[in-house]
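Throughout, a chain's letter reflects where its sequence line sits, starting with A, and its residues are numbered from 1.
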2 protein chains.
Amino acid sequence: MRPTLQDMASILNLSKSTVSRALAGDPRVAEATRSRVVALAERIGYRPNPIAQGLATRRTNIIGLAVPCAPRSLSDPFYLEFLGAAGDTAMRCGYSLLLSAADGDGADGYHPHMELAHSARIDGMILTEPKIADERIEILRKMDLPFVFLGMAEDPDVSWVSGENTGGAAEAVAHLIDLGHKKIACVTGPADQTASETRFKGYREALAEAGIPLDLNIVASGDFTQIGGYQAMKSILRHDSNISAVFASNDVMAFGVMRALREAGLVIPDDVSVLGFDGIPLTQYVDPPLATVRQPISQLGSTIVEVLVEQMNGKSLCPIHRVLNVEYRPAGSVAPPCRESGEASSRAHGGI
Amino acid sequence: MRPTLQDMASILNLSKSTVSRALAGDPRVAEATRSRVVALAERIGYRPNPIAQGLATRRTNIIGLAVPCAPRSLSDPFYLEFLGAAGDTAMRCGYSLLLSAADGDGADGYHPHMELAHSARIDGMILTEPKIADERIEILRKMDLPFVFLGMAEDPDVSWVSGENTGGAAEAVAHLIDLGHKKIACVTGPADQTASETRFKGYREALAEAGIPLDLNIVASGDFTQIGGYQAMKSILRHDSNISAVFASNDVMAFGVMRALREAGLVIPDDVSVLGFDGIPLTQYVDPPLATVRQPISQLGSTIVEVLVEQMNGKSLCPIHRVLNVEYRPAGSVAPPCRESGEASSRAHGGI
DNA sequence: ACGAATAATGCAACCGGTTGCACTAATTAG
DNA sequence: CTAATTAGTGCAACCGGTTGCATTATTCGT
């Protein structure tokens, strides 16, 4: 049986309280006593039971992490890297990550992640994929559990950490325009997520800046998965195959886009340039390497934990918003439009 | 304040014990009483405090998950998918996943994951990347915490779940041989991991079967990361660029291998065929698509949780070993050797 | 030298559940 | 009709810590 505080107390002829205080570094216990306690703890390998501590202090030192729901789920490398960094930082701050992986996207009013929130097992929560009008906010607020979103939330009173979506997207799309592209398709994320909206906004701004009218025929929405990107691209090609570039709202969808283009007989970047968003490591390994807007993924993970910890400790009353810089990274998947748009080659494969 | 058991008891003029039993479905409480209790719980939104339950029952309904340590960390999509499935199944079994992300690989005798194990916060543990002589086994056994490895462990008394590494690798490499390849390089994982060993064994078996002698000059070990695969391939090419195929022990390293080959001016699969292992989704999206041995990743995740749950409940005394079938999946990255091995093209770039 | 301030420790009540055992009332057997 | 069951509930002791307050032993000021 693992030793308890009481065991220690008995051995040392002290009371539980004194032992507890000695271990906690309470200045009221004599230095001599403390060292005896610490020495014994060391010797018999005493470690406080976090469950008991949790019950007494009402703090668990656990952070809940709501991972994205299906279909995106955890299949996006972006989240792995994010999760790794978050876990690392959490540990450094003395917390562990408890994850809530669950099906159901709350469309039915039932939010699986809220189960975790209600459990009284966590001190705070990290949420991903904020929706435009996210019902979870109200629920969380009611039980005053500190929480932080990964991605911008509309409600000004909630804390969040996000990459510079709009600016990053605008910069990248502007680069396409500078190269001479005029007909740039866009594969967005689900309409109800703020990340989709903000990146799409960057796309629109860049077009507007250049005086190019927005053409909704070459805009389609995916679900941030490869399949989703693939299907969205297919659908765009069905309407109008005369495009010279595509901006996908995340890298994973861009991979799907590349596949769809190839199946249509188009060569990247000769016929069509492709641009992603996120900067996951694999963008450098596909052929051609995918131009993308690199988010500081690990830093997003660390920062979000730090912000949450701040909220939990400081009882910081005001919400914290942190925007991290992103960096446009050109690569082989982007090139100037060669022929007068893809007309020729698209016609060559028109029979498909 | 959230309602407690005592609150419920006071309202209903019952004792805590009766309320507790009613909620737990103890047959000793009268049906009428039970429904009153349940109705009230429903009405005021009572939910038992899992921390208190944990203290009383010594069960937390939490499974610890030791994610791979740096450098591999969580950057491998394989783990994301695995994690998603494990989390899902855990939830279905009434458990949550607590993850231990930590640096340090135990080389210094300090195993970060064991911190979690010692914490008394978890009922069981899932471990990844078993080492050939894994010190963690002894530690875990001492505190008799149920645990299961993802990947074969040598000790016959520990439970594990794994894909059919040796057979899968052998089948895939045999396919290369059937196509006419004779000089097949191998990029293995870290030497101290069983997964590396078992896959490498499959490679050796296939060679032996075909009467091809093992040439250690074209074998190098990586660390299961892209960079690692890239460097390993570089180093092989420095020794001997006259190979016609490469087997990488996982897909992520295979991506690094592909990059190294390209930088050496070699075309895949014309000059060199490349073969991976794991079957992560991205293999289908790179160009050319990567031939690989598909592991049932999600199923590995579910199965490992199920096995662990079994161990935790049934107190199943005997260890459980489960091997899941893998499936060789040919793809564009593999083709018959065209020219008499890559001699020509390698010479063309000999100056590098 | 004596009362007051200070230092060190102990007592006991929590935190919110679970559970063995005792207890009362109602039912059944003989 | 009484004794033995059985059904339904309550008491109180846990689980292993934390913490406000009381208590005792020291040291200090004057």
Nucleotide by nucleotide, nucleotides 7-12 of chain D touches protein heavy atoms under 4.0 Å in the pattern (B base, S sugar-phosphate only, - none) -BBBBB
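- C:dA13 atom P lies 16 Å from atom CD of B:Gln6, rounded to whole Å.
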Under 3.5 Å donor-acceptor pairs involving side-chain atoms of residues 24-32 of chain A, not counting sequence neighbours:
{"residue": "A:Asp26", "atom": "OD1", "partner": "A:Arg28", "partner atom": "N", "Å": "2.8"}
{"residue": "A:Asp26", "atom": "OD1", "partner": "A:Arg28", "partner atom": "NE", "Å": "3.3"}
{"residue": "A:Asp26", "atom": "OD2", "partner": "A:Arg28", "partner atom": "NH2", "Å": "3.4"}
{"residue": "A:Glu31", "atom": "OE1", "partner": "A:Arg34", "partner atom": "NE", "Å": "3.4"}
{"residue": "A:Glu31", "atom": "OE1", "partner": "A:Arg34", "partner atom": "NH2", "Å": "3.4"}

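- Note: CZ (A:Arg2) to P (D:dC15) measures 14 Å, nearest angstrom.
- Relative ring orientation between B:Phe78 and B:Phe82 is described as parallel, the plane-to-plane angle staying below 30° on a 0-90° scale split at 30° and 60°.
- Interface residues of residues 43-60 of chain B facing DNA chain D, ordered by number: B:Leu55, B:Ala56, B:Arg58; criterion, heavy-atom separation under 4.0 Å.
- Here the straight-line distance linking atom CZ of B:Arg121 with atom CG of A:Asn61 works out to 6.0 Å at 0.5 Å rounding.
- Residue B:Leu23 contributes atom CG, which lies 12 Å from atom C1' of C:dT18 at whole-angstrom precision.
- Side-chain atoms of B:Asp7 come within 3.5 Å of backbone N or O of B:Thr4 as a donor-acceptor pair.
- At D:dT18, one or more side-chain N or O atoms of A:Ser20 fall inside 4.0 Å of OP1 or OP2 (strictly under the cut-off).
- Using modelled atom types, one side-chain atom of B:Thr194 and one backbone atom of B:Met152 make a donor-acceptor pair closer than 3.5 Å.
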For B:Ile137 and B:Phe149: C-alpha separation, side-chain torsions, deciding distance, then whether side chain to side chain contact (heavy atoms under 4.5 Å, CB included) applies. CA-CA 10 Å; B:Ile137 293 176; B:Phe149 270 98; 3.7 Å; yes
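- When all heavy atoms of B:Gly163 and B:Gln295 are compared, the pair lying nearest together is CA-OE1, 3.5 Å.
- Taking atom CG of A:Asp26 as the reference point, atom P of D:dT18 lies 11 Å away to the nearest angstrom.
- When rounded to the nearest whole Å, the span between CE of B:Met8 and C1' of C:dT18 equals 15 Å.
- Salt bridge present: B:Glu115 and A:Arg47 bring a charged side-chain N and a carboxylate O closer than 4.0 Å.
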